[in-house]
There are 2 protein chains.
Amino acid sequence: MATETVENYIKALYALCRESPSGEAGVVRLAQELGVTKGTATSMIKRLSLARLVKAEPYSGIALTAKGNKIALDVLRRHRVIETFLVRTLNLDWADVHEEAERLEHALSARILDRLDEFLGRPSTDPHGDPIPDAAGNVSETRSKPLAKCRARERVCIVRIMDQNRAFLKFVAESGLKPGANLVVHSVSTQGNSLTVQAVRGKPVTLSHSAAGKILVKIIS
Amino acid sequence: MATETVENYIKALYALCRESPSGEAGVVRLAQELGVTKGTATSMIKRLSLARLVKAEPYSGIALTAKGNKIALDVLRRHRVIETFLVRTLNLDWADVHEEAERLEHALSARILDRLDEFLGRPSTDPHGDPIPDAAGNVSETRSKPLAKCRARERVCIVRIMDQNRAFLKFVAESGLKPGANLVVHSVSTQGNSLTVQAVRGKPVTLSHSAAGKILVKIIS
DNA sequence: ATTAAAAGTTTGATTAGTCAAACTTATTTG
DNA sequence: CAAATAAGTTTGACTAATCAAACTTTTAAT
Ligand SMILES: [Mn+2]
Ligand SMILES: [Mn+2]
Ligand SMILES: [Mn+2]
Ligand SMILES: [Mn+2]
């Protein structure tokens, strides 16, 4: 079994590779993400490479191997099942659960994870709308687009919040913009740097372009 | 915060001090308990001593300080709340939960622990009858004696099983001797090396002296 | 095409935790 | 009591994870 530290590196690498157009991660960003120096990250990459969890040439990009990807999805599954449990069963604030899950994700056996998953009714997404990979590592992401790309008068349903920041999550919840909420795009500013939406039976909310970019929605037919 | 390793040493020391008449623990037993060499245990004791978690003179007994005791009770609380959750909510086998809790006990924050405790209705004992310390570190142990010390025809209620061994726990459950079970002491062999008990509406079970010594009971008035 | 900045690597040191094996002190036991 | 045994300690070595600081390579600007 991978150590807690290795699992954290793998998970961070997975996220960085996702969001990079080249599909590869860099050492500096990785170090930033994990709060370590770049030298530390470099030496860990060497170890992961030796363990065949990543593919990396000196002075070039880092990518996960199939084996590394498997671990990433497994950790992600544990993380998201735990978040779901913490919110649904223990009533923790959805803005707090990410950090809690960050520690717990490394301590659950496969057996407990499965029991927890069963107890929760095999949820397909966590409280933030993040898809939960199944035990085999399959992820089914709902087709969606950023709210920032919507046009006026579109009716949409929020599917996912792409940011773990506590303050942002608090704001999103305050504004009634949690996953599942239906809303109408009221107006879009001409410069495209903000837009106003209104939840059903809610007050209108104006969002900056960057905030609206982190909220994924699907169009209601 | 103490590391996982330190918490394990402290917890083991707590148990060893409990069961020793002198109230002090030795390095060899400690090492055995944790599956490390005695040299390793010695060096850890030095560190714990420096951190004021134990009081220890070279070549003499080890005792927990008040600070160490506090940590031990805290870990014990987490361990037992988790075991209760695993059995009651996730339906895990009571023989398996000890090992699972052994890892989880180090990953729960105070907040999650409290929510879990609340969710379970603030239980006072875990599935094995082990008392759960409260958040302040108070333990209330039910007055009890070993089943081995009972005489024929006594009617007793099982309060606690003093052994985490899986095979033993399986046997205890099979025999209907879980905490809460009421039974009558049928007969006691003259040599005192075995005794036969019968649960209400159960078959008679014969126990060795050593097995009966690990089952704590209280007399039913 | 130089050169400055950014990205990545290396080196030497540190801490936590561990082992094997030699060693010392305390306890038993004949 | 002396010798054997058990308990406890010390030493030297190792792995995982980290940092600071010097160094090298790549990339971006001028
Ligand atoms: Mn983590
Ligand atoms: Mn999430
Ligand atoms: Mn433990
Ligand atoms: Mn227990």
Worksheet item: To the side chain of Val27(A), which of dG17(C), dT9(D), dG8(C) is closest?
Response: dG8(C)
Worksheet item: Given dT18(D), is OP1 or OP2 found less than 4.0 Å from the side-chain N or O atoms of Tyr9(A)?
Response: yes
Worksheet entry | Spacing between Leu34(B) atom CG and dT18(C) atom P, to the nearest angstrom | 8 Å
Fill in: Where Ala25(A) and Leu16(A) come nearest, the two heavy atoms and their spacing
CB-CB, 3.8 Å
Discussion item. For a quick test of reading the model: is some side-chain N or O of Thr42(A) closer than 4.0 Å to OP1 or OP2 of dG8(C)?
Written reply: no
Fill in: Minimal non-hydrogen separation, Arg78(B) against His106(B), with atom names
NH2-CA, 4.4 Å
Fill in: Nearest-angstrom distance from the residue atom CZ of Arg29(A) to P of dA7(C)
10 Å
Item to complete: Check whether any side-chain N or O of Glu154(B) sits under 3.5 Å from a backbone N or O of Arg151(B) as a donor-acceptor pair, and report yes or no.
Response: yes
Fill in: Glu4(A) CD to dT15(D) P, straight-line distance once rounded to whole Å
22 Å
Worksheet item: CD1 of Ile45(A) versus P of dT9(C): gap in Å, rounded?
Response: 8 Å
Worksheet item: With a 4.0 Å cut-off on heavy atoms, is Gly26(B) in touch with a base, just the backbone sugar-phosphate, or nothing at all?
Response: sugar-phosphate
Practice prompt. Over 60° means perpendicular and under 30° means parallel, so classify the ring planes of Phe85(B) and Phe85(A), tilted if in between.
Written response: tilted
Worksheet entry | d(CG, Asn8(B); P, dA16(C)) in whole Å | 17 Å
Worksheet item: Nearest-Å distance, NZ (Lys38(A)) to C1' (dC23(D))?
Response: 10 Å
Discussion item. Measuring to OP1 and OP2 of dT18(C), would you say a side-chain N or O of Thr40(B) lies under 4.0 angstrom away?
Written reply: no
Practice prompt. Classify the nucleic acid contact of Gly35(B) as base, sugar-phosphate or nothing, counting any heavy atom under 4.0 Å across all strands shown.
Written response: sugar-phosphate
Discussion item. What's the closest nucleotide to the side chain of Tyr59(B) if the choices are dT24(D), dC19(C), dG8(D)?
Written reply: dG8(D)
Discussion item. Does a side-chain N or O of Lys46(A) approach OP1 or OP2 of dT10(C) to a distance below 4.0 Å, or not?
Written reply: yes
Worksheet item: What is the distance from CG of Leu13(B) to P of dG8(D), rounded to the nearest Å?
Response: 12 Å
Discussion item. Which is more 5' along DNA chain D, the nucleotide nearest Gly39(A) or the one nearest Val28(B)? Just name the residue.
Written reply: Val28(B)
Item to complete: Verify the distance criterion only: is there a donor paired with an acceptor across the side chains of His79(B) and His98(B) at less than 3.5 Å?
Response: yes
Worksheet item: Could you state the CD-P distance from Gln32(B) to dG8(D), rounded to the nearest angstrom?
Response: 11 Å
Worksheet item: When all nucleic acid strands are considered with a 4.0 Å heavy-atom cut-off, which category describes Thr5(A): base, sugar-phosphate, or nothing?
Response: sugar-phosphate
Discussion item. For a quick check of understanding: with a heavy-atom distance under 4.0 Å over all strands, which category does Thr3(B) fall into, base, sugar-phosphate or nothing?
Written reply: sugar-phosphate
Discussion item. Side chain of Arg47(B) only, heavy atoms from C-beta on: which candidate in dG17(C), dT18(D), dG8(D) is closest?
Written reply: dG17(C)
